Amino acid sequence: MLEIKNLNVSYGKNEVLKNINLIFEAGMIHGVLGVNGAGKSTLFNTVYGFKKPNAGSIQFLKRTITNEDIGYMETSSYFYPLMTGFEYLKLLGAQNQDFDIEKWNKLFELPLFDYVENYSTGMKKKLAFIGIIAMDRSILILDEPFNGVDIESNEKLLQLLVRLKSTNKIIMISSHIIESLTRICDRISLIEHGLIKTTFEKNEFPILEKELKDSIKLKIDDVL
Amino acid sequence: MNTIERFLNLRIKQFSRSIREIGIPLFFILLIITTGITFRILVFLSEVQRIEMGIISIIIIGSIHFTRDDAHFIKSLTVNQIFLLLTEYSLILLPVSLLMLFLGKIEPAIYWQFGFMPVVFFPMGNLKNNKVAPWLNLDRIPGAFFEIKLGLRKMFFAIILIYLLALGCSFFIGTLILFSIFILMLLPTFFEYFESKEMIVMEYKKGNFLRSKIFNHLFFFQIALFPHFLLFLFYHSEMWYLGLACFVGLSLGIMFNIVYKYASYRPNVPRMFGNSFQGVFLFTLVMPGLVLVSIGMIVYFWHKAKKKLAFYYA
């Protein structure tokens with residue numbers, strides 16, 4: 001279990017996350033939903049350790065979390081120039097002897113011996129995804145994994161995440177495509193202005209969708 | 001092979017691939033031609049100002065370390081980061097150390113090889129995270145100097161501070177060299193963002209886009225740096241060739257950053273990703289025997305940039 005307690009994070013005087021309290025259980029997919037700038041990526045960056053919190057704690061299995069526990073797929077992953085997809089996966093999977101690159105690539109059919117800089121946005125996403133699988137960590141954090149990915153691969157990602165969940169991993173995911181989240185998540189937290197507004201259980205997802213649609217309708221009504 | 005070995009192996013491959021991009025025959029011809037010229041300067045430096053070899057080593061490695069884009073990636077490898085960086089940077093500096101040892105310059109070689117070490121204890125990529133200062137009014141700088149405005153907004157205090165410090169210390173012989181290396185390190189920060197499509201189209205239609213961009217920026221930078229060259233000649237006129245080397249080095253740096261920027265241009269992408277070629281360029285510019293390789297890189301990326309721009313806007 002991963003537990004976030006009273007987490008506060010700020011950039012200078014700008015408080016980005018305010019008193020966040022969340023629990024992520026193994027074998028569950030936890031969605032994080034919010035508009036741009038709501039604090040989703042900051043939350044993920046803080047859990048991973050890229051950003052230091054001002055207050056609060058993040059505990060995994062009752063000890064302080066380290067980035068060795070986590071496979072983190074950022075919104076835009078970094079790839080070295082003049083590096084092939086195969087080299088990237090070899091590097092990330094260096095500590096996981098059981099990882100079979102060819103087998104995993106059968107799913108996405110990436111040109112692994114081409115330079116990554118020649119890949120499309122969607123192909124880079126898929127490569128980054130296989131990369132975090134190669135690392136074989138207990139917690140997977142995926143920030144906007146469906147951006148730029150084609151329909152077929154989108155479906156593959158969704159099905160794969162459900163399979164990975166059954167291997168007792170903790171999966172945290174953010175997306176702007178609410179249908180993708182409601183389909184695979186067991187719980188979705190709505191984040192607004194750095195605060196967790198509500199956490200919805202699976203049976204409450206229709207309420208979440210209705211709330212979102214209603215609030216957007218209100219905003220449009222205000223303008224038009 | 002463990003993660004660190006794999007990582008270093010990949011970096012070496014990247015370097016050899018970048019040489020292959022230039023062309024191996026051209027690389028060797030340039031290497032032979034330029035060895036004498038740059039090595040002369042290096043030997044001179046190692047004889048006159050030994051401690052400065054350590055400072056130059058810090059500046060070169062600092063320029064790589066503090067502008068790295070791959071800080072998050074390296075952290076995700078979950079290896080001993082300090083050890084990995086120490087090994088990677090040591091490999092970068094090793095060829096020059098070996099050359100100096102071959103010439104019997106043991107002390108400068110030690111300064112050069114180990115001087116950089118404190119750098120690895122600082123966080124990577126710090127200069128990349130500098131926020132833009134919107135309060136800085138640079139309206140008088142024309143829009144065509146988009147890069148200058150952006151660079152100044154990002155690093156105004158650092159640039160002003162070092163600029164004045166270098167002026168004040170110009171009576172030291174090594175100041176101009178260190179200051180030039182500092183500016184070379186900063187140049188990628190000036191040129192990392194692409195202007196909007198509309199701005200490019202407007203300038204491109206006037207013709208000679210790349211040439212005028214290079215000329216304008218060379219003019220701007222050399223005017224801004226002129227007091228430094230003047231004071232160097234005032235205090236060390238007998239070393240005029242060092243001043244000339246700095247002038248040429250800076251001009252090459254400006255040219256490279258412009259052509260490289262447009263060689264990696266893509267519409268709708270706000271900024272460049274990856275700075276390995278900039279690192280390779282700086283490396284070839286300061287390493288003995290490789291100056292003409294850096295010129296080769298400029299020519300190569302010039303053609304690539306021209307093709308890219310013509311593809312989108314011709």
Side-chain angles (χ1 to χ4, degrees), chain A residues 11-14 41 44-45 48-52 65-97 99 113-121 124 127-128 131-132 134-141 143 148, chain B residues 1-22 68-81 84 88 123-126 128-131 133 188 260 263-266 268-281 297 301 304:
Chain A
Y11 289 102
K13 287 178 184 169
N14 185 19
S41 296
F44 291 163
N45 282 336
Y48 192 68
F50 286 149
K51 181 87 186 115
K52 278 195 179 140
I65 197 166
T66 68
N67 65 342
E68 288 178 32
D69 299 314
I70 307 169
Y72 182 18
M73 179 175 162
E74 293 182 77
T75 319
S76 51
S77 304
Y78 179 82
F79 300 102
Y80 287 100
L82 303 176
M83 172 180 71
T84 66
F86 189 80
E87 286 164 350
Y88 176 80
L89 294 177
K90 271 275 180 201
L91 186 59
L92 289 184
Q95 290 165 354
N96 178 10
Q97 300 300 321
F99 185 72
F113 294 97
D114 284 0
Y115 291 145
V116 182
E117 62 209 67
N118 299 327
Y119 284 20
S120 68
T121 312
K124 283 179 183 165
L127 183 68
I132 63 159
M135 292 161 94
D136 191 29
R137 303 281 162 85
S138 309
I139 302 165
L140 299 183
I141 302 179
D143 197 358
Chain B
M1 211 188 279
N2 68 27
T3 310
I4 293 182
E5 281 172 296
R6 261 188 227 284
F7 178 79
L8 295 173
N9 191 23
L10 171 72
R11 301 295 270 166
I12 293 165
K13 269 187 190 168
Q14 267 185 295
F15 182 69
S16 63
R17 281 170 186 164
S18 63
I19 289 170
R20 217 184 303 155
E21 291 254 321
I22 297 165
R68 286 183 87 122
D69 283 328
D70 58 349
H72 279 193
F73 181 80
I74 288 181
K75 194 166 184 187
S76 73
L77 293 176
T78 57
V79 289
N80 185 332
Q81 196 174 297
L84 182 140
E88 186 188 10
M124 286 180 279
N126 256 8
K128 287 270 168 187
N129 298 328
N130 274 7
K131 293 240 172 89
Y260 182 62
S264 30
Y265 176 73
R266 279 189 205 175
N268 304 321
V269 175
R271 55 169 287 208
M272 291 198 294
F273 286 99
N275 60 355
S276 291
F277 274 116
Q278 286 154 335
V280 171
F281 175 80
M297 286 175 81
F301 284 113
K304 213 173 165 185

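Computed from heavy atoms alone, side chains included, the values below leave out hydrogens, waters and symmetry copies. All values derive from a computational prediction rather than experimental measurement. Residue numbers start from 1 in every chain, and the chains themselves are labelled A, B, ... in the order their sequence lines are given, proteins ahead of strands.
With a 4.5 Å cut-off on non-hydrogen atoms, A:E87 touches chain B through its side chain but not through its backbone. When heavy atoms are compared at a cutoff of 4.5 Å, B:L10 approaches chain A solely by way of its side chain, counted from C-beta outward. Both the backbone and the side chain of B:F7 come within contact range of chain A, judged by heavy atoms closer than 4.5 Å.
Between B:H72 and A:F50, the angle of the ring planes stays under 30°, which puts this pair in the parallel group of the 30/60° scheme.
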Checklist entry - Going through the distances and angles, do A:E117 and B:S264 end up as a side chain to side chain contact (heavy atoms under 4.5 Å, CB included)? => result CA-CA 10 Å; A:E117 62 209 67; B:S264 30; over 6 Å; no

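The side-chain heavy atoms of A:Y78 and B:I74, taken from C-beta on, include no pair separated by under 4.5 Å. Between A:K90 and B:N9, every side-chain heavy-atom pair lies at or beyond the 4.5 Å cut-off.
Note that CZ of A:F79 is 13.5 Å distant from CG of B:D69, once rounded to the nearest 0.5 Å.
Checked against salt bridge (charged side-chain N to carboxylate O under 4.0 Å, His left out), A:D69 has the following partners two or more places apart in sequence or in another chain: A:R63.
Considering every non-hydrogen atom in both A:L92 and B:L77, the closest pair reads CD2-CD2, 3.7 Å. Summarising the geometry of B:T3 relative to A:A94, their closest heavy-atom pair is OG1-CB, 3.4 Å, with the distance given to 0.1 Å.
Ion pairing between a basic and an acidic side chain is recognised when a charged N comes within 4.0 Å of a carboxylate O; A:E74 and B:K75 show no such pairing.
Side chain of B:Q14 to main chain of A:M83: no donor-acceptor pair is present (N/O by atom type, distance under 3.5 Å, no hydrogens or angles).
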